[in-house]
Peer 1: 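First the structure, which I've put down as structure tokens, then a few questions once you've had a look.
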Amino acid sequence: MTATERSVQLVRIAAEAAADKLADDILAYDVSDQLVITDAFLLCSATNDRQVRAIVDEIEDRLRIEADAKPVRREGEREGRWVLLDYVDIVVHVQHEEDRTFYALERLWKDCPSISLPDSVTQVAAQRARTSAPGDTQ
């Protein structure tokens with residue numbers, strides 16, 4: 001079984017929203033063969049609590065507007081370190097970069113197929129990596 005087209009659509013919208021708010025390390029996995037509760041996970045991280053909240057807000061807004069989707073559950077918002085948005089079809093994890101490193105969710109799901117993300121998301125990530133590379137004189 002693979003993630004439904006609806007799930008992939010939600011992942012891509014959420015990934016674009018996260019990229020627009022400068023989220024780091026945006027990854028998506030098709031977990032439909034491993035879990036019965038959801039089709040896909042989207043993971044991303046932020047450098048501080050305020051950015052975590054901004055990313056979460058943008059993802060919720062975009063999914064509501066572009067896909068008429070609302071989360072059925074939201075966890076971790078008060079602390080702002082790791083917010084989980086459960087849309088049933090997908091689960092979005094927005095983590096503070098320290099928590100992302102510590103919990104390493106991508107290690108747990110590395111055997112699951114990746115979901116390709118829009119070019120706009122991967123290009124933003126590549127551009128940010130180039131401009132923050134050590135010794136870069138831009």
Peer 1: Can you name the one residue among Lys70, Lys21, Arg74 that meets salt bridge (charged side-chain N to carboxylate O under 4.0 Å, His left out) with Glu60?
Peer 2: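 Of Lys70, Lys21, Arg74, salt bridge (charged side-chain N to carboxylate O under 4.0 Å, His left out) with Glu60 is met by Arg74 alone.
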Peer 1: Which pair of heavy atoms, one from Glu97 and one from Ser45, lies closest together, and at what distance?
Peer 2: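 Between these two residues, the closest heavy atoms are CA-CB, 4.1 Å.
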Peer 1: Quick check on the hydrophobic clustering: are Ile90 and Trp109 connected, directly or via other members, by side-chain heavy-atom contacts under 4.5 Å?
Peer 2: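 Looking at the clustering, Trp109 is in a separate group from Ile90.
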Peer 1: Do Leu85 and Val52 share a hydrophobic cluster, counting only Ile, Leu, Val, Met, Phe, Trp and Tyr and linking them when any side-chain heavy atoms are less than 4.5 Å apart?
Peer 2: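 Linked within one cluster.
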Peer 1: At what distance, to the nearest 0.5 angstrom, does CD of Glu58 lie from CD of Glu16?
Peer 2: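 If I round to the nearest 0.5 Å, the distance is 11.0 Å.
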Peer 1: Given the rule that I, L, V, M, F, W and Y join up when any side-chain heavy atoms are under 4.5 Å apart, are Val83 and Phe102 in one cluster?
Peer 2: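 Different hydrophobic clusters.
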Peer 1: Out of curiosity, does Leu43 fall in the hydrophobic cluster containing Ile26 (side-chain heavy atoms, cut-off under 4.5 Å, transitive links)?
Peer 2: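 As far as the 4.5 Å side-chain criterion goes, Leu43 and Ile26 are not connected within one cluster.
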Peer 1: Can you find a pair of side-chain heavy atoms, one from Glu66 and one from Gln9, that are under 4.5 Å apart?
Peer 2: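 With C-beta onward as the side chain, the pair stays apart.
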Peer 1: Could you grab the distance from atom CD1 of Ile59 to atom CG of Asp20, nearest 0.5 Å is fine?
Peer 2: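 Spacing of CD1 (Ile59) from CG (Asp20) equals 10.0 Å.
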Peer 1: Determine whether a donor-acceptor pair (N or O, by modelled atom type, separation under 3.5 Å) exists between the side chain of Arg53 and the backbone of Arg78.
Peer 2: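 Between the backbone of Arg78 and the side chain of Arg53 there is a qualifying donor-acceptor contact (under 3.5 Å).
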Peer 1: Specify the closest pair of heavy atoms between Ala69 and Arg6, including all atoms of both residues, with the distance to one decimal.
Peer 2: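 What the structure gives for the nearest pair is CB-NH2, 3.8 Å.
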Peer 1: Would you call Phe41 and Leu105 a side-chain contact if the rule is heavy atoms closer than 4.5 Å?
Peer 2: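 Side-chain contact under 4.5 Å: no.
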Peer 1: What pair of heavy atoms forms the shortest contact from Ala15 to Leu117, and how long is it?
Peer 2: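 Answer, listing the atom of Ala15 first, then Leu117: CB-CD2, 3.8 Å.
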Peer 1: Of all the heavy-atom pairs spanning Cys44 and Ala18, show the shortest one and how long it is.
Peer 2: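 Looks like SG-CB, 4.1 Å.
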Peer 1: If I take atom CD from residue Glu77 and atom CG from residue Asp57, how far apart are they, to the nearest 0.5 angstrom?
Peer 2: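 The CG atom of Asp57 is 7.0 Å from CD of Glu77, to the nearest 0.5 Å.
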Peer 1: So how far is it from Thr47 OG1 to Arg50 CZ, rounded to the nearest 0.5 Å?
Peer 2: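 Interatomic distance, Thr47 OG1 to Arg50 CZ, rounded to 0.5 Å: 11.0 Å.
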Peer 1: Please tell me whether Leu42 and Ile37 are part of a single hydrophobic cluster in this structure, the criterion being side-chain heavy atoms less than 4.5 Å apart.
Peer 2: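 Different clusters: Leu42 never reaches Ile37 through Ile, Leu, Val, Met, Phe, Trp or Tyr contacts under 4.5 Å.
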Peer 1: Between Asp30 and Cys112, is any pair of side-chain heavy atoms under 4.5 Å apart?
Peer 2: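 Not touching, per the 4.5 Å side-chain cut-off.
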Peer 1: How many angstroms lie between CZ in Arg62 and CG in Leu10, if you round to the nearest 0.5 Å?
Peer 2: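 It comes to 13.0 Å.
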Peer 1: Here's a test for you: under side-chain hydrogen bond (donor to acceptor under 3.5 Å, both in side chains), which of Glu75, Glu98, His93, His96 qualifies with Trp82?
Peer 2: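 Only match with Trp82 under side-chain hydrogen bond (donor to acceptor under 3.5 Å, both in side chains): His93.
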Peer 1: Rounded to the nearest 0.5 Å, what separation is found between the CG atom of Leu27 and the CD1 atom of Ile115?
Peer 2: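 The distance works out to 11.0 Å.
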Peer 1: Hey, are the side chains of Tyr29 and Leu108 touching, using non-hydrogen atoms and a 4.5 Å cut-off?
Peer 2: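 No. Closest side-chain heavy atoms not under 4.5 Å.
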